[in-house]
Amino acid sequence: MIFALIAGAITLSFILPAGVVMNFFHDDSFFYMKTAVNLATGMGSTFDGINETNGYHPLWFGLLALTFTVMKLFVQLSPEVVMRVVFFVHLAFCAGILSVNFKLLSLIVPRGTLRRSFLILALALVIPVLIRDFGVESHPAILIISVYFLARANEARVSKSKPFLRAGLLALLFLARTDLLYSVIPALILAEVVTIRPEVRWREMAIVTLVTGSTAILYFVYNYLSYGYIFQISAAISNAFPDTVIMKNFHKLFYNLHHLLTITSRFLIVVLSAVVFVYRRNVYQREFSVTLLFACLGSVAFCCLHIVFNNYGLREWYITMPDYIALLILVLAFIQTGRFYKPVVAGLTIVAVVGFYVLRIDSDKFDSVYHYSQLLKQSTHESDRIFQTDFSGLTGFFSERKVVNGDGFINSFEYRDYVTSGRLNEYFTDYAITHYSTYTFNKPDQKGSTFRDFIAGIYIADYEAVIRRKNEVLQVPYSFRHGPSSYFGFWSLFKT
């Protein structure tokens, strides 16, 4: 049975149309993949082949680099093969998440409700967790915290602590998403303080804190020695602390229907789960109940910290692990009621099927970017250096060209210094940028001898690119159609 499922997953990964496969990914997913390919092929930790970067969470990046290092011994690391292999890896992660949660439910729900509990949880996870965030770190993080929950539930059942296992899992959770160090991880450690037996509490807390803290310190020291800063470049860009950006990010939550459905509603699910848990706090075994409650509160804190201090606010994949925790809580609370099982299963099935079709099958997220990338490859040379802000992950990955990431998330600290000091034009000269790539949407095509492109949201600086129209070497229709969002315009490539 297992071999049949593996064979089916491999077959699915390689027979689905490329456009459908891409619908599971984010643009940032391709930052991970291309940088990992470059590391695996001896180019170092670089996305564009020019700037060194650490703009990624290390566990998922390391797994990708290891996978591609092995792959290159047998196949050519072409973009489409790499994408489809990563698609398969995520299917494996999803299978692991479901398997671990089945075992978890078997420990914490009455035996007679196990199958229905698992069915409801699996259906509830389809849209917000299982079919999203391919190529980024969400699924590894969820699998790790699922195993952690399983370990805590098993400890409560057999009254035997395994501090080294818990410590290792929390260290891995940090490596999966380093910003969990300030919210979910300390919340889980605090839950251990509350629930561990007094006679072994401080010894076990010393083990957990030492292993997790040492892992974090070693990571920060590595960053400092390698890049001169303890954090990732992506964290340095996003972090507004000690300033706050709460009003700007609160406005983003209600900016348009797309944000409401993909970010705001999912954040509200996390908040709702905390309320439900407190209201029904007496329905779980105590040790696991406390663990789940603190994980939920840590998730709320995680989201709120990003709303308050992140220059870019909440992003879709930030909320996926909090959503998993929230949905686990809501499903457990629902099962305790013992009512409305069939209508809820029917409703969740309809949402899962319709949502899967609309968001992953009948969608056109990246087809135009993919087509543009192929034409860009034909219109440029390997030595050319192309600057692009939005969608640079896809363009750089599929064109196999040196596409410089303009927003800086997968760029260098030196690039950040150029931008924040108002010297982006100098960067173009110093780094011999040969082309400027961009797109416009829902605007009339510009006429006249010059093309103006307002480059907004790069750190704290805004720039306007003014380029002679005669330098345009490529123009391709742009389209983006995903859920309630629909945009149309043009891709343009200019010589600088």
Side-chain angles (χ1 to χ4, degrees), residues 54 56-63 66 93 96-97 99-101 103-104 107-108 137-225 230-232 235 284-302 305 320-322 324-325 328-329:
N54 67 343
Y56 43 74
H57 296 288
L59 184 65
W60 175 235
F61 178 76
L63 178 60
L66 179 62
F93 269 112
I97 290 168
S99 176
V100 170
N101 276 276
K103 294 179 181 178
L104 173 63
L107 297 179
I108 61 177
E137 67 283 340
S138 301
H139 289 151
I142 292 170
L143 181 60
I144 292 166
I145 201 168
S146 296
V147 174
Y148 180 86
F149 287 158
L150 178 62
R152 295 292 285 136
N154 192 58
E155 285 179 343
R157 185 172 185 176
V158 301
S159 300
K160 182 179 180 181
S161 292
K162 296 182 178 179
F164 287 102
L165 173 62
R166 299 198 309 272
L169 289 169
L170 290 180
L172 287 174
L173 190 60
F174 163 75
L175 294 174
R177 271 209 73 99
T178 57
D179 50 356
L180 294 175
L181 185 65
Y182 318 110
S183 52
V184 174
I185 290 174
L188 293 173
I189 292 176
L190 186 58
E192 293 189 7
V193 172
V194 173
T195 56
I196 297 298
R197 290 178 291 120
E199 60 269 25
V200 297
R201 177 179 297 156
W202 300 116
R203 180 181 70 85
E204 294 196 4
M205 287 303 94
I207 293 171
V208 171
T209 304
L210 180 63
V211 173
T212 309
S214 298
T215 302
I217 290 171
L218 287 172
Y219 173 71
F220 292 140
V221 169
Y222 166 78
N223 276 338
Y224 183 78
L225 295 176
I230 64 173
F231 299 111
Q232 308 109 303
Y284 309 108
Q285 51 170 284
R286 178 179 179 275
E287 291 83 354
F288 184 71
S289 175
V290 172
T291 299
L292 203 54
L293 173 61
F294 276 75
C296 179
L297 296 177
S299 295
V300 174
F302 173 80
L305 284 172
T320 304
M321 193 187 80
Y324 156 70
I325 297 170
L328 177 60
I329 289 171

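If you read the sequence from its start, that first residue is 1, and numbering goes on from there.
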Spacing of [atom1] belonging to [X] relative to [atom2] belonging to [Y], to within rounding of 0.5 Å:
X	Y	atom1	atom2	answer
Leu188	Tyr148	CG	OH	5.0 Å
Leu59	Thr215	CG	OG1	11.0 Å
Phe164	Ile207	CZ	CD1	4.0 Å
Phe288	Leu104	CZ	CG	4.5 Å
Ser289	Phe294	OG	CZ	10.0 Å
Thr209	Ile189	OG1	CD1	5.0 Å

### Query
What pairs of residues pass the side-chain hydrogen bond (donor to acceptor under 3.5 Å, both in side chains) test when at least one of them lies in residues 160-175, not counting sequence neighbours?
Glu155-Arg166, Ser161-Glu204, Arg166-Glu192, Arg166-Glu204
Are the side chains of [Y] and [X] in contact, using a 4.5 Å heavy-atom criterion?
X	Y	result
Leu165	Leu169	yes
Thr178	Phe220	no
Met321	Leu180	yes

### Query
What orientation do Tyr56 and Phe61 show, parallel under 30°, tilted 30 to 60°, or perpendicular over 60°?
parallel
If you take all heavy atoms of [X] and [Y], which pair is closest and at what distance?
X	Y	value
Ile108	Ala153	CG2-CB, 4.0 Å
Leu170	Ile185	O-CD1, 3.8 Å
Val193	Met205	CG2-SD, 3.4 Å
Ile144	Ala176	CD1-CB, 4.0 Å
Phe231	Asn54	O-ND2, 3.2 Å
Ile230	Asn223	O-ND2, 3.0 Å

### Query
Are a donor atom and an acceptor atom from the side chains of Ser146 and Tyr324 found within less than 3.5 Å of each other?
yes
### Message
Tell me every residue that passes side chain to side chain contact (heavy atoms under 4.5 Å, CB included) with Leu63, counting only those two or more places apart in sequence or in another chain.
### Response
Trp60, Thr67, Phe93
### Query
OH of Tyr182: more than 12 outside heavy atoms within 6.0 angstrom?
yes
### Query
Would you find a donor on one side and an acceptor on the other, under 3.5 Å apart, between the side chain of Asn154 and the backbone of Leu150?
no
